[in-house]
Amino acid sequence: MMNKEGIDMPVILRLISSCVGISKEAGKIIRDIMYKGELGVIQKGTGGENDPQTEADRQAQKLIISVLTRDFPKLKIVGEEDDIKLEPNLTGNWISEEILSLKPTPELETIKEEELTVWVDPLDGTTEFTWGAVDHVTVLIGVAYKDRPIGGVIHQPFYKAIKGDPNLSAGRTLWAIRGLGYGGFEAKSPPENELIIAGTKSHKSVTTQKALESTGATTLISHSGAGAKAMLVLEGKAHCYLHASPGLKRWDTCAPEAILTEIGGKVTDILGDPYNYAASVHPMCSRGAILAHTPTIHASILSKLPDDVKDIFRNK
Ligand code: AMP
Ligand code: MG
Ligand code: MG
């Protein structure tokens with residue numbers, strides 16, 4: 001595929017352009033299902049825990065992976081939802097001209113399609129979605145080159161969306177590509193002389209609580225959704241998002257990590273090690289996660305985490 005100047009576009013730019021476009025289309029599907037009120041909730045968990053899946057999770061994943069499989073046949077793709085049949089006869093095209101007009105770095109030009117893995121969370125914040133708490137809902141598409149995030153998209157479908165309003169510009173899409181910058185939001189620094197830490201609202205645990213309290217935060221925020229908490233850090237409403245339990249999966253963290261890293265942040269597990277995003281790894285982030293606005297904030301939080309909390313994760 002050529003750009004307007006007739007230059008061949010590197011696959012990573014075509015892919016992120018496509019991820020931006022499809023995430024918006026998935027957002028439209030998610031809004032439609034919410035406004036019709038036919039959520040089609042089923043429980044995925046086998047142990048009786050609340051782990052819902054809705055028609056919106058299913059339809060959004062079907063669209064995203066059907067388009068990516070059609071247009072990028074050598075990609076490795078991992079989606080959250082199991083057993084979603086793909087649509088072989090899709091005809092739509094969804095892209096971002098803004099991304100296609102970027103000038104690639106030499107590193108980006110060398111990347112081959114088969115070296116990329118896409119981690120898809122078609123709807124992050126499903127539990128809250130079933131309650132109608134739609135502000136927490138995001139579509140997360142993260143792209144890893146070899147085993148590290150290189151680009152990502154967080155689409156927030158209900159941002160400035162009003163039921164019944166046909167406004168097609170509803171929702172917003174945050175993106176970043178390594179070395180090329182970011183868009184769709186303004187990266188803001190969190191307030192100096194405060195330490196605001198965001199943690200889970202619906203998956204609390206003793207270890208996460210202990211970790212959160214160890215930071216000496218001036219404010220602890222309980223907030224739903226991995227994408228939504230990552231946006232708090234990106235926009236300077238929190239210094240860090242901290243989770244000290246298993247539970248998050250690679251499809252929750254890949255896009256946030258790619259975007260946060262591009263604005264100068266740092267993301268690791270709670271021992272300070274990076275996660276591997278190769279398609280062959282188990283999706284579970286079994287050592288929790290620290291998503292910090294800067295490396296300094298990251299180092300400070302890491303140094304305060306109690307050893308007995310870290311010790312639990314050493315062999316996981
Ligand atoms: P939360 O921060 O609780 O809103 O969760 C953010 C993301 O991580 C969601 O996609 C959750 O499904 C997932 N998650 C976090 N902790 C757990 C857990 N203990 N069990 C299952 N999913 C979890
Ligand atoms: Mg999720
Ligand atoms: Mg999900």
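Computed over heavy atoms, backbone and side chain alike; hydrogens, waters and symmetry mates excluded. Every number for a ligand or one of its atoms is a count from 1 in the order of the listing. Counting from 1, the numbers follow the sequence of the chain as shown.
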Problem - More than 12 heavy atoms of other groups within 6.0 Å of E186 CD - result: no
Handout entry: the Mg ion (ligand 3) - name of the N/O/S atom of E80 that sits closest to it
Key = OE1
Problem - E80/K44 under salt bridge (Lys or Arg N to Asp or Glu O under 4.0 Å): CA gap, chis, key distance, verdict - result: CA-CA 11 Å; E80 173 172 4; K44 294 193 281 187; 3.0 Å; yes
Practice task
Could you find the nearest protein heavy atom to atom 6 (C) of ligand 1 and give me its residue, atom name and distance?
Solution key: A226 N, 3.5 Å
Handout entry: Close-contact set for ligand 1 against S224 heavy atoms, below 4.0 Å
Key = 4 (O)
Completion exercise
min-distance N/O/S atom, D124 vs the Mg ion (ligand 2), resolves to OD1
Practice task
Please determine if E235 and K229 form a salt bridge, counting it only when a charged side-chain N lies under 4.0 Å from a carboxylate O.
Solution key: no
Problem - Heteroatom N/O/S of D252 within less than 2.8 Å of the Mg ion (ligand 3) - result: no
Exercise for the section: Looking only at distances, please establish whether an N/O atom of ligand 1 is found under 3.5 Å from an N/O atom of D252. Expected result: yes
Practice task
Would you mind reporting whether V120 and L140 have side-chain heavy atoms less than 4.5 Å apart?
Solution key: no
Problem - Per-atom contacts of ligand 1 with H243, taking only distances under 4.0 Å to non-hydrogen atoms - result: 16 (N)
Handout entry: Check: Y277/E257 side-chain N/O donor and acceptor closer than 3.5 Å
Key = yes
Handout entry: Close side-chain approach of E81 and P122, heavy atoms under 4.5 Å
Key = yes
Practice task
Apply the salt bridge (Lys or Arg N to Asp or Glu O under 4.0 Å) test between K210 and each candidate in D311, D307, D308; give the one that qualifies.
Solution key: D308
Handout entry: Which N, O or S atom of D121 lies nearest to the Mg ion (ligand 3), by name
Key = OD1
Practice task
Identify, by atom number and element, the atoms of ligand 1 in contact range of D124, meaning under 4.0 Å from any of its heavy atoms.
Solution key: 7 (C), 9 (C), 10 (O)
Problem - Closest contact, heavy atoms only, S245 versus T207 - result: OG-OG1, 3.2 Å
Problem - Nearest non-hydrogen protein atom, atom 4 (O) of ligand 1 - result: G225 N, 2.6 Å
Practice task
Would you mind finding which of T200, N50, L140, L248 brings a heavy atom closest to atom 3 (O) of ligand 1?
Solution key: T200
Practice task
Taking the six-membered ring of F313 (Phe, Tyr or Trp), confirm whether the NZ or CZ of R287 is under 6.0 Å from its centre and within 45° of its axis.
Solution key: no
Exercise for the section: Measure from the Mg ion (ligand 3) to each N, O or S atom of L123 and report whether any distance is below 2.8 Å. Expected result: yes
Exercise for the section: If you have a sec, work out which protein heavy atom is nearest atom 20 (N) of ligand 1 and how many Å separate them, to one decimal? Expected result: H203 CD2, 3.5 Å
Problem - Residues T138 and Q156: side-chain donor-acceptor under 3.5 angstrom - result: no
Handout entry: Nearest neighbour in protein (non-hydrogen) for atom 23 (C) of ligand 1
Key = G247 O, 3.4 Å
Exercise for the section: Tell me which part of H136 gets within contact of ligand 1: side chain, backbone, both or neither, using heavy atoms under 4.0 Å. Expected result: neither
Problem - Protein heavy atom at shortest distance from atom 2 (O) of ligand 1 - result: K229 NZ, 2.4 Å
